[in-house]
Protein chains: 2
Amino acid sequence: MERVTKLLREHHIQPSAQRVAVGGYVLFTEEHPSAEQVWERVKENFPWLSRATVYNTLNLFVKKGLIRELIITEGKSVFDPRLDPHHHFVDEESGDILDIPFDTLEVRRLKDLPGLDIHETQVIIRGRRSAAPAGV
Amino acid sequence: MERVTKLLREHHIQPSAQRVAVGGYVLFTEEHPSAEQVWERVKENFPWLSRATVYNTLNLFVKKGLIRELIITEGKSVFDPRLDPHHHFVDEESGDILDIPFDTLEVRRLKDLPGLDIHETQVIIRGRRSAAPAGV
DNA sequence: TGCTGTCTTAGAGTTAGTCCAAATTCCATC
DNA sequence: GATGGAATTTGGACTAACTCTAAGACAGCA
């Protein structure tokens with residue numbers, strides 16, 4: 001957990017017990033959890049943790065650039081600790097979100113977008129996991 | 001409005017006054033409205049229209065393939081009558097959503113996605129409208 | 001030890017959307 | 001035109017995700 005404290009400090013976040021507990025999960029997960037899922041998960045080891053703190057902490061982590069908030073699924077945001085460019089696949093059956101390595105796709109601008117100042121480009125692939133081979 | 005009635009029938013939707021009123025707006029707009037925005041807008045000419053009917057109607061239109069539901073902005077879905085492939089730009093300042101013509105970008109699959117059965121690929125570009133030229 | 005500002009908390013409030021059961025409208029058939 | 005079952009609409013209750021608020025706990029330091 002020393003690792004989490006260090007990460008927080010590096011991003012100018014005062015490490016409190018709660019923040020370290022939330023960070024210990026959300027900074028290393030591959031699950032793309034929603035805020036409520038983070039709460040459920042961290043509460044297992046930290047039962048007195050309040051919902052408001054989870055939301056506060058996640059929003060703070062986003063603002064300080066420790067994680068990204070993704071708008072992919074209906075009704076709720078999910079959080080992703082991977083900051084390097086990559087794409088996402090959404091399993092329409094289970095709702096699971098998988099990372100798609102950046103070099104799997106090429107997105108090329110063919111024409112200019114006049115008057116638009118681009119900040120990020122997000123590719124979301126939706127479909128199903130077919131039964132056959134192992135996951136990505 | 002005869003046009004809307006025809007469209008509904010072609011998609012096997014019984015045209016009612018309410019459905020035609022909602023369709024008259026949402027089937028031809030370029031605004032990417034949320035359900036609440038559709039309600040506000042259609043109520044102007046149809047004040048007795050209920051919220052539940054708007055949600056029912058929009059969901060029905062999506063199920064019958066008249067419009068698409070997009071998950072792009074925080075907290076709410078928006079609806080888009082354009083069914084041909086195209087991309088979207090989100091103005092992070094105003095929240096406005098603009099259509100980006102399909103041939104502006106090229107998305108090419110460079111590697112296989114084993115075990116994934118792709119249904120749709122969505123490209124969302126986020127940024128700001130710079131002051132200079134007219135919109136897209 | 002006390003002070004000040006930060007952090008956490010429970011619960012109330014808000015927003016987007018669904019559910020429900022009653023009322024209304026539609027329409028085929030008599 | 002009357003009638004009855006099905007489809008549609010309605011308002012309000014309900015839910016989920018999230019924010020706000022005000023009060024209390026805690027941390028750092030003088």
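Naming convention: chains lettered A, B, ... in sequence-line order (proteins, then strands); numbering from 1 in each chain.
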Quick one: do the A/Tyr25 and A/Gln37 side chains pair a donor with an acceptor below 3.5 Å?
no

How is A/Glu74 classified with respect to the nucleic acid when contacts are heavy atoms under 4.0 Å: base, sugar-phosphate, or nothing?
nothing

Electrostatic pair B/Lys6-B/Glu2, nearest N-O below 4.0 angstrom
no

Distance check needed: D/dG11 C1' versus B/Leu49 CG, whole Å only.
13 Å

Using the closest heavy atom to pick a nucleotide of DNA chain C for each, name whichever of B/Asn56 or B/Glu69 lands nearer the 5' end.
B/Glu69

What's the CD1-P distance between B/Ile71 and C/dG17, to the nearest Å?
10 Å

Would you say C/dC27 has OP1 or OP2 under 4.0 Å from some side-chain N or O of B/Gln14?
yes

So does A/Gln18 get a side-chain nitrogen or oxygen closer than 4.0 Å to the phosphate oxygens (OP1/OP2) of C/dT8?
yes

Under 4.0 Å: is that the gap between some side-chain N or O of A/Thr53 and OP1 or OP2 of C/dT9?
yes

Start at the 5' end of DNA chain C and walk down; is the nucleotide closest to B/Phe79 or to B/Ala17 reached first?
B/Phe79

Would you mind reading off the distance between B/Lys43 atom NZ and D/dT10 atom P, rounded to a whole angstrom?
12 Å

If we only count heavy atoms from C-beta on, is the A/Leu116 to B/Arg129 side-chain gap below 4.5 Å?
yes

Can you measure A/Phe46 atom CZ to C/dT9 atom P for me and round it to whole angstrom units?
8 Å

Can you tell whether the side chains of A/Arg128 and A/Glu93 come within less than 4.0 Å, N to carboxylate O?
yes

Please give, in whole Å, the distance from D/dC18 C1' to B/Lys76 NZ?
13 Å

Is there a donor N/O on one and an acceptor N/O on the other, under 3.5 Å, for the side chain of B/Arg51 and the base of C/dG17?
yes

Please check the phosphate of C/dA16 (OP1 and OP2 only) for any side-chain N or O of B/Ser34 closer than 4.0 Å.
no

Rounding to a whole Å, what distance do you find between B/Lys63:NZ and C/dT18:C1'?
15 Å

Tell me which nucleotide among D/dC18, C/dA10, C/dT8 gets nearest to the side chain of A/Ser50.
C/dA10

Choosing from C/dT18, D/dT10, C/dA10, which nucleotide comes nearest the side chain of B/Ala52?
D/dT10

Taking CD from A/Glu36 and P from D/dT15, how many angstroms apart are they, rounded to a whole number?
15 Å

Whole-Å distance, A/Trp39 CH2 to C/dA10 P, equals 8 Å

Flag for B/Ser77-B/Glu69: side-chain donor and acceptor within less than 3.5 Å:
yes

Give a yes/no answer on whether the side chain of B/Tyr55 brings an N or O atom under 4.0 Å of OP1 or OP2 in C/dG17.
yes

Which part of the nucleic acid, if any, lies within contact of A/Ser77, taking any heavy atom under 4.0 Å across all strands shown: a base, the sugar-phosphate backbone alone, or nothing?
sugar-phosphate

